[in-house]
Enquirer: 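Sharing a structure, written as structure tokens. Questions coming.
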Amino acid sequence: MQNNYLEKLLGLIVATFFISTSGVLGRYISMPSEVIIFFRATFAMIILFVFLKYKRVDFKLKSSKHKLPFLVAGVFMGVHWVTYFYALKLSNVAIGMLSLYTFPVMTAFLEPVFLKVKFNPIYIVLGILVLLGLYILSPDFTFESTTVQGILFGLVSALCYSIRILILKQYVHQYNGVLLMFYQTIIISICLFPTLFFMDTSEFQSQLPYLLLLAFLTTAIGHSLMVYSLQFFTASTTSIISSIQPIFGIILAFIFLSEIPTVNTFLGGGLILATVLIESIRSKRSKK
């Protein structure tokens, strides 16, 4: 029994590690963010389609009323990916990932609006802690700073990700999680297809191995493993474990990109991750 639990926990940690590779790959691939995300979504869509056909999953929507929320969720997912890659390219892997990791607190603020749950004043305290963490990340706040620009894109990415989560949260018990991801990759591919005609794609051939790695390892396997792990762990436990994503990302960036985080990054990032842990533990206790 204990070994079985450890195997599932290891699977969740591996999923978290695979997803964290998006930081290094997003910064390393030398193509416009919109083009990268188009190929990421398209290649992942093909991989997920093959997997779903192999598993004989029914592709049909259960209701025509689900079309609009799935479309909106897919658009927000696409904007989330694109702005996240802008954050990575403008700043660095550490700041890009840490800015994105404000999404759990954003989700807590938005949940009463989307799901009609009661607002808890503790979120105001957590929000202040996150703002303090962001200030420490970039104390010299000026819009001319690429670090500040990276943080702002990271915050937009976090907001879009939060909205996407809250939209799909209402359908996770009705649909296969991998199928939901497949729907989103279709929408993102269609929305970003026009970028191929006016953005630079000349590096496609040389960057193809990294694009495939991003689609296969980070998106298809990483996200599918994460969805699979949700069957065995609560959302709170998953949030706590996945909060090590930025740590994995920083380590990978140090190894492959020689990026060394500053003291401010450690302090501000630590404060942001602390709020994630506090909210996850608080949420877990409140459901007991």
Side-chain angles (χ1 to χ4, degrees), residues 14-51 74-75 77-100 146-147 149-154 156-157 160-161 178 181-182 184-226 245-261 265:
V14 170
T16 301
F17 175 75
F18 283 170
I19 294 173
S20 71
T21 60
S22 64
V24 170
L25 289 169
R27 186 152 170 80
Y28 183 79
I29 299 173
S30 57
M31 296 173 72
S33 297
E34 294 85 351
V35 174
I36 295 173
I37 299 306
F38 167 77
F39 286 115
R40 174 184 187 176
T42 303
F43 292 151
M45 176 182 67
I46 296 168
I47 295 166
L48 293 173
F49 176 78
V50 173
F51 175 80
V75 170
M77 185 65 173
V79 178
H80 152 63
W81 272 351
V82 170
T83 51
Y84 173 48
F85 274 43
Y86 267 107
L88 293 170
K89 290 181 180 296
L90 284 166
S91 53
N92 56 45
V93 172
I95 289 177
M97 296 190 81
L98 290 168
S99 300
L100 173 61
T146 56
T147 298
Q149 292 171 17
I151 290 173
L152 293 175
F153 271 108
V156 172
S157 181
C160 292
Y161 190 49
V178 179
M181 193 69 194
F182 173 70
Q184 290 172 91
T185 56
I186 294 175
I187 294 164
I188 295 168
S189 297
I190 292 172
C191 290
L192 292 178
F193 177 70
T195 63
L196 300 182
F197 298 99
F198 61 86
M199 287 191 167
D200 184 14
T201 60
S202 59
E203 298 291 327
F204 171 73
Q205 192 169 353
S206 64
Q207 302 298 304
L208 180 57
Y210 308 109
L211 290 168
L212 290 171
L213 197 61
L214 180 64
F216 181 67
L217 186 67
T218 311
T219 311
I221 295 183
H223 282 281
S224 296
L225 266 177
M226 184 64 75
Q245 269 188 47
I247 298 172
F248 281 144
I250 289 169
I251 293 171
L252 290 171
F254 174 74
I255 295 171
F256 293 103
L257 302 175
S258 300
E259 289 187 358
I260 302 174
T265 300

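In this chain, residues are counted from 1 in sequence order.
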Enquirer: Check whether more than 12 heavy atoms from other residues, nucleotides or ligands sit under 6.0 Å from atom CG of Leu208, and answer yes or no.
Expert: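 Count over threshold, so yes.
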Enquirer: Supply the atom-to-atom distance Leu225 CG to Ile19 CD1, rounded to the nearest 0.5 angstrom.
Expert: 8.5 Å
Enquirer: In chain order, what residues pass the side chain to side chain contact (heavy atoms under 4.5 Å, CB included) check against Val50, with sequence neighbours excluded?
Expert: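 If we apply the side chain to side chain contact (heavy atoms under 4.5 Å, CB included) test to Val50, skipping adjacent residues, there are no hits.
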Enquirer: Measure centre to centre between the rings of Tyr210 and Tyr28, then say whether the value is under 6.0 Å.
Expert: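 Yes, ring centres under 6.0 Å apart.
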Enquirer: Roughly how far, to the nearest 0.5 Å, is CD1 of Ile187 from CZ of Phe182?
Expert: 10.5 Å
Enquirer: Which value, rounded to the nearest 0.5 Å, describes the distance between Ile221 atom CD1 and Phe216 atom CZ?
Expert: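 Separation between the atoms: 3.5 Å.
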Enquirer: Between Phe18 and Gly222, what is the shortest heavy-atom contact and its length?
Expert: CB-CA, 3.9 Å
Enquirer: Between Val178 and Ser224, which heavy-atom pair has the shortest distance, and what is it?
Expert: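 The answer is CG2-OG, 3.9 Å.
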Enquirer: Any side-chain heavy atom of Leu100 sitting closer than 4.5 Å to one from Pro246?
Expert: no
Enquirer: For the residue pair Asp200 and Val35, establish whether any side-chain heavy-atom pair is separated by less than 4.5 Å.
Expert: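 No. Closest side-chain heavy atoms not under 4.5 Å.
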Enquirer: Starting at OG1 of Thr195, measure out to CD1 of Ile36 and round the result to the nearest 0.5 Å.
Expert: 10.5 Å
Enquirer: Would you say the side chain of Ser20 lies within less than 4.5 Å of the side chain of Leu252, judging by non-hydrogen atoms?
Expert: yes
Enquirer: Applying side chain to side chain contact (heavy atoms under 4.5 Å, CB included), name anything that partners Glu259, two or more places apart in sequence or on another chain.
Expert: Arg27, Asn92, Val93, Ala253, Leu257
Enquirer: Are Leu48 and His223 side-chain neighbours, meaning at least one heavy-atom pair lies under 4.5 Å?
Expert: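 No. Closest side-chain heavy atoms not under 4.5 Å.
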Enquirer: Determine the minimum heavy-atom distance between Arg40 and Ala215, stating which atoms define it.
Expert: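 Nearest heavy atoms, Arg40 then Ala215: O-CB, 3.6 Å.
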Enquirer: If you look at every heavy atom in Ser157 and Tyr84, which pair is closest and at what distance?
Expert: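 The answer is OG-CB, 3.2 Å.
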Enquirer: Using the test side chain to side chain contact (heavy atoms under 4.5 Å, CB included), find all partners of Ile188 that sit at least two apart in sequence or belong to another chain.
Expert: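 Ile188 satisfies side chain to side chain contact (heavy atoms under 4.5 Å, CB included) with Ile37, Ala41, Met77, Trp81, Leu192 once adjacent residues are dropped.
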Enquirer: Taking side chain to side chain contact (heavy atoms under 4.5 Å, CB included) as the definition, give me every residue that meets it alongside Ile190, ordered by chain and number, with sequence neighbours left out.
Expert: Ile186
Enquirer: Can you list everything that forms a ring pair (Phe, Tyr, Trp, His ring centres under 6.0 Å) with Phe17? Sequence neighbours excluded, please.
Expert: Phe248
Enquirer: Aromatic rings Phe197 and Phe193: how do their planes relate, parallel, tilted or perpendicular, breaks at 30° and 60°?
Expert: perpendicular
Enquirer: Applying side-chain contact (heavy atoms from CB on, under 4.5 Å) to Phe85 and Leu214, what does each step give before you reach the verdict?
Expert: CA-CA 12 Å; Phe85 274 43; Leu214 180 64; 3.9 Å; yes
Enquirer: Using a 4.5 Å cut-off on heavy atoms from C-beta on, say whether the side chain of Met31 contacts that of Leu211.
Expert: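 A side-chain contact under 4.5 Å exists here.
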Enquirer: Measuring from Lys89:NZ to Ser30:OG, what's the distance to the nearest 0.5 Å?
Expert: 7.0 Å
Enquirer: Only counting residues at least two apart or in another chain, list the ones meeting ring pair (Phe, Tyr, Trp, His ring centres under 6.0 Å) with Phe204.
Expert: Phe39
Enquirer: Test side-chain contact (heavy atoms from CB on, under 4.5 Å) on Val75 and Cys191; report intermediate values, then the result.
Expert: CA-CA 8 Å; Val75 170; Cys191 290; 4.3 Å; yes
Enquirer: Looking only at heavy atoms, which two atoms of Gly150 and Ala87 are closest? And how far apart?
Expert: O-CB, 3.2 Å
Enquirer: To check you understand the geometry: which heavy-atom pair defines the closest contact between Thr218 and Ser22, and what is its length?
Expert: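 Reported closest heavy-atom pair: CG2-CB, 3.6 Å.
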Enquirer: Once rounded to the nearest 0.5 Å, what's the spacing between atom CG of Leu212 and atom CG of Leu25?
Expert: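 Rounded to the nearest 0.5 Å, the CG-CG separation comes to 11.0 Å.
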